[in-house]
Amino acid sequence: MYDPFGTPRARMVEPGEYPVWDEVLALVNHDLNAHLPGRGPLRLVALPAWPEEPADDEHAAEHVYVALPDGRWHGNDLPPEAGTGPGTALATVAEAAQDTVLECLWQVWPVCAEHRLGMHPGQENGLAVWRCAGGNDERDLGHVQAPVGKLEEEYRSRRERRKRRKQNKRSKQNQQR
């Protein structure tokens, strides 16, 4: 698991090794596919612990990250305690996924359709949600867009929406003829 320079090498996590994270990553992948079709699915990768890490460290076995399909990732590992409750696990995995997408693909995800701002994962009443910070007006304090895992297909990319508008315009022109 280490390269010739002593750096740990990531391995792809097999389904079922981290069942809670597998379950919540499937929900995050739904949102990724709804907003950025063809970019996923994201997966889990693991790095072994560094030899210097103390044996009593909670991460002594390995560090798990959310990665792109090709294995690239960015950001912090998933803390083991985050895998205990579904709401916490979902918000943690959503944040890790967002970090990876942003830093590896240079893509803001997800984007609020109303304000055209990037949303961030959070929790509301024990439920993991995508939260928009709102517009430029002080009266618009932001809102919850959707629970994580429930972003719908209507939040497609700008290019897809433009293509759909052109198709609708053509069909109207054809109907008028």
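Applying the side-chain hydrogen bond (donor to acceptor under 3.5 Å, both in side chains) test to Glu17 and every residue at least two apart in sequence or in another chain returns Arg11. The side chain to side chain contact (heavy atoms under 4.5 Å, CB included) check on Glu124 picks up Val129, Arg131, Val144, with sequence neighbours excluded. Checked against salt bridge (Lys or Arg N to Asp or Glu O under 4.0 Å), Arg39 has no partners two or more places apart in sequence or in another chain. Looking at residues two or more places apart in sequence or on another chain, you find no side-chain hydrogen bond (donor to acceptor under 3.5 Å, both in side chains) involving Asn125. With sequence neighbours excluded, the residues that form a side chain to side chain contact (heavy atoms under 4.5 Å, CB included) with Ala94 are Val28, Pro121, Trp130, Val148.
No side-chain heavy atom of His63 sits under 4.5 Å from any side-chain heavy atom of Asn76. Trp73 is listed as a side-chain neighbour of Leu47, based on a closest heavy-atom distance under 4.5 Å. Here the side chains of His74 and Arg72 are not in contact, with every heavy-atom distance at 4.5 Å or above. At a threshold of 4.5 Å between non-hydrogen side-chain atoms, the residues Leu44 and Leu78 count as touching.
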Derivation of the side-chain contact (heavy atoms from CB on, under 4.5 Å) call for Val111 and Leu117: CA-CA 5 Å; Val111 174; Leu117 295 171; 5.9 Å; no
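Residue pairs meeting the side-chain hydrogen bond (donor to acceptor under 3.5 Å, both in side chains) criterion with at least one member in residues 96-107, sequence neighbours excluded, do not occur.
Here the CG-CZ distance, from Asp70 to Arg43, works out to 10.5 Å after rounding to the nearest 0.5 Å. Taking OG1 of Thr92 as the reference point, atom CG of Asp77 lies at 11.0 Å (rounded to 0.5 Å). Taking CD of Gln145 as the reference point, atom SG of Cys112 lies at 4.5 Å (rounded to 0.5 Å). Note that CD of Glu95 and NE2 of His120 are 9.5 Å apart. Values are rounded to the nearest 0.5 Å. Taking OG1 of Thr88 as the start and CD of Gln123 as the end, the distance is 4.5 Å to the nearest 0.5 Å. Taking CG of Leu32 as the reference point, atom CG of Leu42 lies at 5.0 Å (rounded to 0.5 Å).
Val108 approaches Gly118 most closely through the heavy-atom pair CG1-CA, 3.6 Å. When all heavy atoms of Val66 and Ala96 are compared, the pair lying nearest together is CG2-CB, 3.7 Å. Closest approach of Leu151 and Pro110 over heavy atoms only: CD1-CB, 3.6 Å. When all heavy atoms are compared, the tightest approach of Ala46 to Glu62 is CB-OE1, 3.3 Å.
For Asp22 (side chain) and Pro15 (main-chain N/O), no donor-acceptor pair under 3.5 Å exists by modelled atom type. The closest donor-acceptor contact from the side chain of Asp31 to the backbone of Gly149 lies under 3.5 Å.
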